[in-house]
Trainee: 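Once you've had a glance at the structure underneath, I'll fire off some questions.
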Amino acid sequence: MSVQVVVRDNGGLARVGLVRRRGWSERAIRRAVEAGEVSRPRKGWLAAPGADPLLVCAARDGVVLSRVTEARRLGLWVLERGDRSHVAADPQ
């Protein structure tokens, strides 16, 4: 198993803390980033190559996908059409 596998198995995006709890050191994570096996869209987050671009953008911007966007991403039928993304953010 590798850092990339841990991130990929978590849906393509994972918090660094999760990867650390799975036994990977900060040094191993840094090496995986330097080797291009994973990227850091934002401090504290790792993304695997090919991860859902909406999830990576949400992590980068410090928000979470919500409502229609998450339902559509999960393949659920939604009434609302369009290309706008619905996100939730910390009010701070």
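Quantities reported herein were computed from a predicted structural model and do not represent experimental measurements. For this chain, numbers begin at 1 and follow the sequence in order.
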Trainee: Mind listing the closest non-hydrogen atom pair of Arg72 and Val78 along with its distance?
Mentor: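 Where Arg72 meets Val78 most closely, the heavy atoms are NE-CG2, 4.0 Å.
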
Trainee: Using the test side chain to side chain contact (heavy atoms under 4.5 Å, CB included), find all partners of Arg27 that sit at least two apart in sequence or belong to another chain.
Mentor: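 In terms of side chain to side chain contact (heavy atoms under 4.5 Å, CB included), with neighbours along the sequence ignored, Arg27 is linked to Ser25, Arg30, Arg31.
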
Trainee: Considering only distance and modelled atom types, tabulate donor-acceptor pairs under 3.5 Å from the side chains of residues 41-62, sequence neighbours left out.
Mentor:
residue : atom : partner : partner atom : Å
Arg42   : NH1  : Arg60   : O            : 3.0
Asp52   : OD1  : Leu54   : N            : 2.8
Asp52   : OD2  : Arg73   : NH1          : 3.2

Trainee: Residues in side chain to side chain contact (heavy atoms under 4.5 Å, CB included) with Ala35, at least two apart?
Mentor: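 Result, side chain to side chain contact (heavy atoms under 4.5 Å, CB included) vs Ala35: Glu37.
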
Trainee: When rounded to the nearest 0.5 angstrom, what is the spacing between CG in Asp9 and CD in Gln4?
Mentor: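 Reported value, rounded in 0.5 Å steps: 10.0 Å.
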
Trainee: Sequence neighbours left out, what passes side chain to side chain donor-acceptor pair (under 3.5 Å) with Glu26? Give chain and number order.
Mentor: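 Listed in chain order: Arg40.
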
Trainee: Could you pull out all residues at least two apart from Ala89 that satisfy side chain to side chain contact (heavy atoms under 4.5 Å, CB included)?
Mentor: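 Per chain and number, Ala89 pairs via side chain to side chain contact (heavy atoms under 4.5 Å, CB included) with Val63.
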
Trainee: Looking only at non-hydrogen atoms, find the nearest pair between His86 and Val68 and report the distance.
Mentor: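 Smallest heavy-atom distance, with atoms named: CD2-CB, 3.8 Å.
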
Trainee: Who are the side chain to side chain donor-acceptor pair (under 3.5 Å) partners of Arg22, not counting sequence neighbours?
Mentor: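 So Arg22 forms no side chain to side chain donor-acceptor pair (under 3.5 Å) with any residue.
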
Trainee: In a table with atom names and distances, give each donor-acceptor pair under 3.5 Å that connects a side chain of residues 10-20 to protein atoms at least two apart or in another chain.
Mentor:
residue : atom : partner : partner atom : Å
Asn10   : ND2  : Leu13   : O            : 2.7
Arg20   : NE   : Trp24   : O            : 3.3

Trainee: Who else is in the cluster with Trp77 when I, L, V, M, F, W and Y are joined by side-chain contacts under 4.5 Å?
Mentor: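 So far as hydrophobic clustering goes, Trp77 is joined with Leu79.
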
Trainee: Do Val6 and Met1 touch side chain to side chain, with heavy atoms closer than 4.5 Å?
Mentor: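 They are in contact (side-chain heavy atoms under 4.5 Å apart), so the answer is yes.
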
